[in-house]
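First up is the structure itself, then whatever we jot down about it.
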There are 2 protein chains.
Amino acid sequence: MYSKELLKGTLTAIILKLLAEHDRMYGYQIAQKVKKLSDNKILIKEGSLYPALHKLKEDGLVSIETVNIGKRIRRYYSLTPKGEIAKNDKISEIEDFLATIMKVLSFKPLIQFA
Amino acid sequence: MYSKELLKGTLTAIILKLLAEHDRMYGYQIAQKVKKLSDNKILIKEGSLYPALHKLKEDGLVSIETVNIGKRIRRYYSLTPKGEIAKNDKISEIEDFLATIMKVLSFKPLIQFA
DNA sequence: CAAAGATACATAGAATTACGATGTATTGCA
DNA sequence: TGCAATACATCGTAATTCTATGTATCTTTG
């Protein structure tokens, strides 16, 4: 729905934030959650999601538990302490950025019910 | 200051918005204006700005007046009617996107004095 | 019960966009 | 006089997401 460039830089923050709220989640579940939270406006593609998760693992921000569901595998991701810190940093950065961009574009406050 | 990825997709909108408010502006002036409005947080680089302006011209969203200031040239950009429409579209998209991302990240409303 | 759609993972290459580096030149100021 | 600021420009690089493709299982429905 949105020009895909707008999403750039937000994917990692979104994943970290969701993991911070859910103990553990698997990839497909994360994509569905974002879809629902955004009213179908943000559709994370598999080609973005899985490489992003692998990167988080590589950077030590998440740990993985692989679970067998019948004959299918499911990889659960959880935040590490390092990931928790990274999450806070990322969220702060985005919060600041959003405030700045709203100011530059002289937007009125957007009332949000979280 | 921000991870440069966050800025992606916003540059064109910022330029169009400023031009909509100023009749005409030149490149360097736009960069300074954004710097000031953002409290030095968004620093548009020349390598981004000039190609972006050329693209807008190519797409018929702006017109150019070249003016000689002493021995130096200055290119003033103005919104065309087509640019005015594009501006509205871009701004709406960003407004919607910001609301969505705030919802997904469950941010409280950011009070903004525009 | 077969087919279609949803679940669930993965990767490789393409597209987009901003930036860094570099270049040229004039103007203002300490 | 020399450095910073003004003012334009281009080229190649980096970063990130997407499209396309692949594999496989499970569930729902006509």
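When each of dC8(D), dT11(C), dT7(C) is scored by its nearest atom to the side-chain atoms of Arg75(B), the top-ranked nucleotide is dC8(D). Nearest nucleotide to the Lys8(B) side chain, out of dA8(C), dT6(D), dT17(C): dT17(C). The side chain of Ile73(B) lies closest to dC8(D) when the candidates are dC8(D), dC9(C), dT17(D). Checking dT6(D), dA8(C), dT7(C) against every side-chain atom of Arg72(B), the shortest atom distance belongs to dT6(D). Listed candidates were dA5(D), dC8(D), dT19(D). Nearest to the side chain of Glu46(B) is dC8(D). When distances are taken from the side chain of Tyr50(A) to each of dT11(C), dA24(D), dT6(D), the shortest belongs to dT11(C).
Straight-line distance from the NZ atom of Lys55(B) to the C1' atom of dT10(D): 17 Å, rounded to whole Å. As rounded to whole Å, 7 Å separates atom P of dC9(C) from atom OH of Tyr26(A). When the P atom of dA7(D) is taken as reference, atom NZ of Lys35(B) falls 13 Å away, rounded to whole Å. Atom pair Tyr28(A):OH and dA10(C):C1' shows a separation of 15 Å (rounding to whole Å applied). Rounded to a whole Å, the CG atom of Asp59(A) is 10 Å from the P atom of dT16(D). The CD1-P distance, from Ile44(B) to dC8(D), rounds to 13 Å in whole Å. For Leu56(B) and dA9(D), the CG to C1' distance is 16 Å, given to the nearest whole Å. Going from atom CD of Glu5(A) over to atom C1' of dT16(D) covers 8 Å, rounded to whole Å.
Residue-level contact check: Lys71(A) touches the backbone only, with heavy atoms under 4.0 Å from sugar-phosphate atoms and none from bases. Gly47(A) comes within 4.0 angstrom of a nucleotide base, judged by non-hydrogen atoms across all strands. At a threshold of 4.0 angstrom between heavy atoms, the contacts of Leu11(B) are confined to the sugar-phosphate backbone, with no base atom among them.
Judged by distance alone, the side chain of Ser106(A) and the main-chain N or O of Lys103(A) form no donor-acceptor pair under 3.5 Å. With hydrogens and angles disregarded, a donor-acceptor distance shorter than 3.5 Å links the side chain of Ser78(A) to the backbone of Asp23(A).
Between dC8(D) and His54(B), no contact under 4.0 Å exists linking OP1 or OP2 to a side-chain N or O.
A salt bridge is defined here as a Lys NZ or Arg NE, NH1 or NH2 lying under 4.0 Å from an Asp or Glu carboxylate O, and Lys87(B) with Glu84(B) meets this definition.
Around NZ of Lys41(A), the count of heavy atoms belonging to other residues, nucleotides or ligands within 6.0 Å exceeds 12.
Nearest-nucleotide positions on DNA chain C place Tyr77(A) closer to the 5' end than the other of Tyr77(A) and Ser3(A). Mapped onto DNA chain D by nearest heavy atom, Leu7(A) and Gln29(B) fall at different nucleotides, with Gln29(B) at the one closer to the 5' end.
The residue from Tyr76(A), Tyr50(A), Tyr77(A) that alone fulfils the ring-ring contact (aromatic ring centres under 6.0 Å, His included) condition with Tyr26(A) is Tyr76(A).
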